[in-house]
Amino acid sequence: MSGDSHIIEPADLFRDRLPKALRERALWEEEFTLDEPIVEGGHTEFKKLHTIGFDGWTISKYRQFGGETPDGEPEHIIRDMNLDGVDASVMFPNLSLFVLFTDDHELSMAHARVWNDYIAERFLPYKDRLRPTAAIPLTDVPEAVAEIERCSRMGLGAILLPEIPPLPYYSREYDPVWAAAQAHGMPVFIHVATGGVQVKEAVSETAVTVRGMMTAVNMGKGQLTDDMVSGRLLAGGGGDGGPRRIVAQLVGGGVCERFPDLHFNLIEYGAGWLVSFMGYIDKAWRTGTGQDADWWLGFWDDSRGPKDQPAMGRLFLVNDKWPYPLKPSEYIRRQIHIQFADDPIAVQARHITGLSTIMWGNDYPHAEGTFRSSEECVAENIDASVSDEDRAAILGGTLAKVVGFDTSKKLAPVSEGV
């Protein structure tokens, strides 16, 4: 089962369905075909995005060789899942991810409602294999709660929230959102590169991440500098500020403690970073072996007495002030799941992080995903040292428990090599 797959939206979905007053501001995609490829044997089909903060972002269509090019139709998604050996998938928006979470509530909520109506109409008939996520903008909490309730009534079973929310996720203002999601049994999914779009400035924090791909493009052309090479290593080894921040806010803000039945799923971040992070967050809240618990530091005020030094304090006093009954890592093991596609370190570290903290996904149909080669990728990540029980959990068992997929039977055809 895949914890990360995408629905290619109809190019004019929002221009056709948004309220008429907003259609001029709708996200839309311009598709075009080259008479000949840029490089011999290369892609000829392209699409250009038109939306605030990303206007002009252009990509070649996914997977133009090796089979039918994906087009977002549920029947064709299932065809491709069968080819890739995937039984079921949690589904996310594709390019519309960039407009669903802006600082313009009216614009974002209008797009979200169109998206949510569309996936309910088109994809719920296939819910045994396709589980689309309902987009919930957080710019107005009462309306977010109302949209969760509306989506639940339509039969949608999971919600999508942004990587960059209007307020930090520890904010108590979001408690009604968590309460509604928990009450309706709708797990929370947070996808990379979402949120942070500022409409008036026509800029996006998320766009910085997306445009960062241009560095890799230039490197591929041979324009290598020491800074580029070092930066790519840094991004590969620790480009995880987003997920660390989200987990720290959910755990440190007491969200997991107050809503113990709500599961949080972080998508397309890789998971190898989790093992060191879990060790660090536990250590931050205990006095370590050999540490001097009575070590003072600060700025001494000569005009005050020794017992009246407000700018002085003991550094490690805070280590024993953790405010919740479980350790930080225990909340992660209970309620947080990190999706990866190709990350063998995450698999090897499962005995430390906890088996349920990681789950696989093929990032269909994206070029950086494993579609059409998922069996090969799984073999590279999950070798013979991984037990059948652990393998089953990573490849779908955990995800099935989170969203309610049926694991009693195989739905995709089994290849001869399995």
Side-chain angles (χ1 to χ4, degrees), residues 3 161 163 165 168-172 174-175 178 181-182 187-192 237-291 293 315-340 343-361 381-382 385-387 389-395 397-403:
L161 300 183
E163 174 185 20
Y169 277 125
Y170 56 68
S171 304
R172 299 295 176 109
Y174 291 144
D175 276 9
W178 311 134
Q182 180 172 267
V188 174
F189 287 80
I190 299 174
H191 196 285
V192 73
D240 47 29
R244 288 176 185 250
R245 170 179 48 79
I246 293 167
V247 172
Q249 291 178 358
L250 293 173
V251 174
V255 178
C256 293
E257 171 62 23
R258 294 193 299 280
F259 302 95
D261 297 324
L262 190 57
H263 287 255
F264 299 90
N265 307 271
L266 277 59
I267 307 302
E268 210 169 318
Y269 290 105
W273 55 270
L274 184 61
V275 61
S276 61
F277 181 63
M278 289 179 70
Y280 174 81
I281 60 177
D282 278 352
K283 188 177 186 301
W285 292 98
R286 66 174 177 83
T287 300
T289 302
Q291 289 182 337
L315 178 62
F316 301 118
L317 186 62
V318 66
N319 290 32
D320 298 319
K321 300 291 186 181
W322 176 244
Y324 304 112
L326 300 182
K327 293 192 297 185
S329 63
E330 291 174 332
Y331 287 108
I332 294 175
R333 292 188 182 98
R334 188 177 75 180
Q335 292 172 255
I336 295 177
H337 317 282
I338 315 296
Q339 178 267 331
F340 74 96
D343 192 346
I345 296 299
V347 176
Q348 294 168 24
R350 71 194 183 280
H351 300 303
I352 300 172
T353 61
L355 183 61
S356 69
T357 62
I358 60 171
M359 58 188 186
W360 179 83
N381 280 258
I382 304 177
S385 68
V386 180
S387 69
E389 180 182 4
D390 286 5
R391 176 188 174 91
I394 295 168
L395 294 181
T398 295
L399 181 65
K401 291 177 182 178
V402 170
V403 298

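All residue numbers refer to positions in the sequence shown, counting from 1.
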Practice prompt. With the side chain counted from C-beta on, respond yes when Ile267 and Met359 share a heavy-atom pair under 4.5 Å apart, and no when they do not.
Written response: yes

Worksheet, complete the sentence: Residue set satisfying salt bridge (charged side-chain N to carboxylate O under 4.0 Å, His left out) with Asp343, at least two apart, ordered chain then number -> none

Fill in: Listed partners of Arg172 passing side-chain contact (heavy atoms from CB on, under 4.5 Å), at least two apart
Asp175, Arg258, Tyr324

Worksheet item: Do any pairs count as a salt bridge (charged side-chain N to carboxylate O under 4.0 Å, His left out) and have a residue in residues 270-286, sequence neighbours left out, and if so which ones?
Response: none

Fill in: Contacts of type side chain to side chain donor-acceptor pair (under 3.5 Å), residue Asp261, not counting sequence neighbours
none

Fill in: For Ala393, side-chain contact (heavy atoms from CB on, under 4.5 Å) partners two or more places apart
Leu355, Thr398

Discussion item. If the condition is side chain to side chain donor-acceptor pair (under 3.5 Å), which residues does Thr287 pass it with, not counting sequence neighbours?
Written reply: Asp320

Fill in: Tyr269 side chain reached by Ile190 side chain, heavy atoms, under 4.5 Å
yes

Worksheet item: Okay, side chain of Gln335, backbone of Phe259: is any donor-acceptor separation there less than 3.5 Å?
Response: yes

Worksheet item: If you take all heavy atoms of Gly270 and Ile338, which pair is closest and at what distance?
Response: O-CG2, 3.2 Å

Practice prompt. For Arg333, enumerate each residue passing the salt bridge (charged side-chain N to carboxylate O under 4.0 Å, His left out) test, keeping only those at least two apart in sequence or located in another chain.
Written response: none

Discussion item. Taking ring-ring contact (aromatic ring centres under 6.0 Å, His included) as the definition, give me every residue that meets it alongside Trp285, ordered by chain and number, with sequence neighbours left out.
Written reply: Trp322

Discussion item. Going by side-chain contact (heavy atoms from CB on, under 4.5 Å), name the residues that satisfy it together with Val386, two or more places apart in sequence or in a different chain.
Written reply: Val347, Arg350, Ile382, Asp383, Asp390, Arg391

Item to complete: State, yes or no, whether a side-chain contact exists between Arg245 and Pro168 at a heavy-atom distance under 4.5 Å.
Response: no

Worksheet item: Looking only at heavy atoms, which two atoms of Ser276 and Trp273 are closest? And how far apart?
Response: OG-O, 3.3 Å

Fill in: Atom pair SG (Cys256) and NE2 (His263), whose distance is rounded to the nearest 0.5 Å
9.5 Å

Worksheet item: Going from CG on Leu395 to CD1 on Ile358, what distance comes out if it is rounded to the nearest 0.5 angstrom?
Response: 9.5 Å

Response to the item:
Residue set satisfying side-chain contact (heavy atoms from CB on, under 4.5 Å) with Ile281, at least two apart, ordered chain then number -> Phe277, Pro328, Ile332

Worksheet item: Can you list the residues that meet the ring-ring contact (aromatic ring centres under 6.0 Å, His included) rule with His191, with sequence neighbours excluded?
Response: His6, Phe92

Discussion item. Can you classify the ring geometry of Trp178 versus Phe264 as parallel (below 30°), tilted (30 to 60°) or perpendicular (above 60°)?
Written reply: perpendicular

Discussion item. Within the structure provided, determine whether Phe189 and Val403 are in side-chain contact (heavy-atom separation under 4.5 Å).
Written reply: yes

Item to complete: Can you sort out the partners of Tyr331 under side chain to side chain donor-acceptor pair (under 3.5 Å), two or more places apart, ordered by chain and number?
Response: Glu257

Worksheet entry | Least distance between heavy atoms, Ala181 atom then Leu262 atom | CB-CD1, 3.8 Å

Discussion item. Pair Trp360, Asn381 - check side-chain contact (heavy atoms from CB on, under 4.5 Å), show working.
Written reply: CA-CA 10 Å; Trp360 179 83; Asn381 280 258; over 6 Å; no

Fill in: Gap separating the CG atom of Leu250 from the CG atom of Leu266, nearest 0.5 angstrom
7.5 Å

Discussion item. Looking at every non-hydrogen atom in both residues, tell me the closest pair between His337 and Ser356 and how far apart they are.
Written reply: ND1-O, 2.6 Å

Worksheet item: Closest approach of Tyr170 and Gly253, non-hydrogen atoms and distance?
Response: CB-CA, 3.6 Å

Fill in: Non-hydrogen atoms of Gln249 and Tyr169 that approach each other most closely
OE1-N, 2.7 Å

Worksheet entry | Pairwise side-chain contact, Gln339 with Asn265, heavy-atom cut-off 4.5 Å (strictly under) | no

